[in-house]
**Q** 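If you scroll down you'll find the structure; I have some questions about it.
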Amino acid sequence: MRFFRWLIASISVGIFSLSTAMAEEVVGAPHLWEMGMQKSFSPVKDKIIDLHNLVLVIITLITIFVGVLLMIVMLRFNARKNPVASQTTHHTLLEVAWTVVPVLILVVIAIPSFRLVFYEDRTANPDLTVQVTAHQWYWEYTYPDQGGIDFDSRYIADEDLKPGQLRLLDVDNQMVIPVGKRVRILTNSTDVIHSFFIPALGVQRYAIPGRTIETWLQADKEGVFYGECNQICGQNHSRMPIAVHAVSQANFDKWVAQQKKAASTAAPLQKIAQN
Ligand SMILES: [Cu+2]
């Protein structure tokens with residue numbers, strides 16, 4: 001009886017903490033003393049971590065194998081133990097083996113690697129498109145299928161940071177997306193090569209002048225996912241962070257309506273003055 005009471009109590013605590021965890025927004029950002037990659041919040045990042053883990057196992061086995069061979073060579077075939085050197089030069093089977101085995105290992109790595117490249121490349125049925133335009137040194141986000149919402153996103157100077165805001169990661173205007181939806185990203189640049197990089201969502205695409213490059217992202221949870229330009233692009237390269245805010249579809253629709261209203265009431269000159 002007591003056990004059942006304990007069981008029911010712990011299950012309800014579990015459900016409660018699960019529901020509060022679901023309601024809370026997650027933060028995709030780097031943490032102090034973090035080992036390995038940032039935590040995944042997207043299907044693409046899940047696959048990136050899977051490939052990383054596979055390659056890690058393979059290189060660990062290879063390193064151990066080569067290390068053992070080296071030890072054997074040092075202990076058994078040193079000059080002291082073998083005053084008369086062996087004249088052996090060729091061993092056909094061994095030579096074929098040490099060519100074919102590495103080729104097979106590379107094929108084993110290449111197959112999932114290429115699959116991942118194609119998976120990251122584009123999505124068949126995007127729910128939404130966001131054009132990401134890089135400038136020296138800020139980002140511009142355009143939503144062509146949401147009435148052409150368009151705004152700039154800039155870093156927050158140290159003296160203007162509010163408590164809880166992340167230095168050189170938080171921005172004035174976040175890129176907002178609906179959670180769980182496939183968002184097509186089209187990158188472009190107006191000056192030099194930049195790179196649109198959000199580790200927690202597994203996204204990294206160059207932004208190149210005169211060229212549109214496609215990729216996609218999907219956030220599994222509501223929250224803010226931080227990234228930065230990771231292609232050296234000049235003096236303020238470190239001052240063009242990315243903050244993607246994933247919200248519920250209802251909140252996203254509200255945000256779209258707000259943005260459209262703000263755009264229609266804003267004085268036409270204001271936009272030019274901001275730039
Ligand atoms: Cu840049």
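Hydrogens, waters and symmetry mates are skipped; everything else that's a heavy atom, side chains included, is used. We count ligands from 1, going down the list as the structure has it; atoms in each ligand are counted the same way. Worth saying up front: this structure is predicted, and the values here are computed from it rather than measured.
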**Q** Residues in side chain to side chain donor-acceptor pair (under 3.5 Å) with Arg115, at least two apart?
**A**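 Once residues adjacent in sequence are excluded, Arg115 has no partner under the side chain to side chain donor-acceptor pair (under 3.5 Å) criterion.
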**Q** I need the single residue from Asn188, Asn173, Val132, Thr133 that forms a side-chain contact (heavy atoms from CB on, under 4.5 Å) with Glu140. Which is it?
**A**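 By the side-chain contact (heavy atoms from CB on, under 4.5 Å) criterion, Glu140 pairs with just one of Asn188, Asn173, Val132, Thr133: Thr133.
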**Q** Residues in ring-ring contact (aromatic ring centres under 6.0 Å, His included) with Tyr226, at least two apart?
**A**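 In terms of ring-ring contact (aromatic ring centres under 6.0 Å, His included), with neighbours along the sequence ignored, Tyr226 is linked to no residue.
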**Q** Which of the protein's N, O or S atoms come within less than 2.8 Å of the Cu ion (ligand 1), not counting waters?
**A**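 You should have found His194 ND1, Cys229 SG, Cys233 SG, Met240 SD.
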**Q** I'd like to know whether Ile193 forms a side-chain contact (heavy atoms from CB on, under 4.5 Å) with Tyr206, so could you lay out the CA-CA distance, the side-chain angles of the two residues, the decisive distance to 0.1 Å, and finally the verdict.
**A** CA-CA 7 Å; Ile193 300 176; Tyr206 278 126; 3.7 Å; yes
**Q** Name all residues meeting the ring-ring contact (aromatic ring centres under 6.0 Å, His included) criterion together with Tyr119; count only those two or more places apart in sequence or in a different chain, and write none if there are none.
**A**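 Counting only residues at least two positions away or on another chain, Tyr119 forms a ring-ring contact (aromatic ring centres under 6.0 Å, His included) with Trp216.
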**Q** Would you call Asp170 and Arg154 a salt bridge, using N to O less than 4.0 angstrom?
**A**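 Judged by the 4.0 Å cut-off on N to carboxylate O distance, Asp170 and Arg154 do not form a salt bridge.
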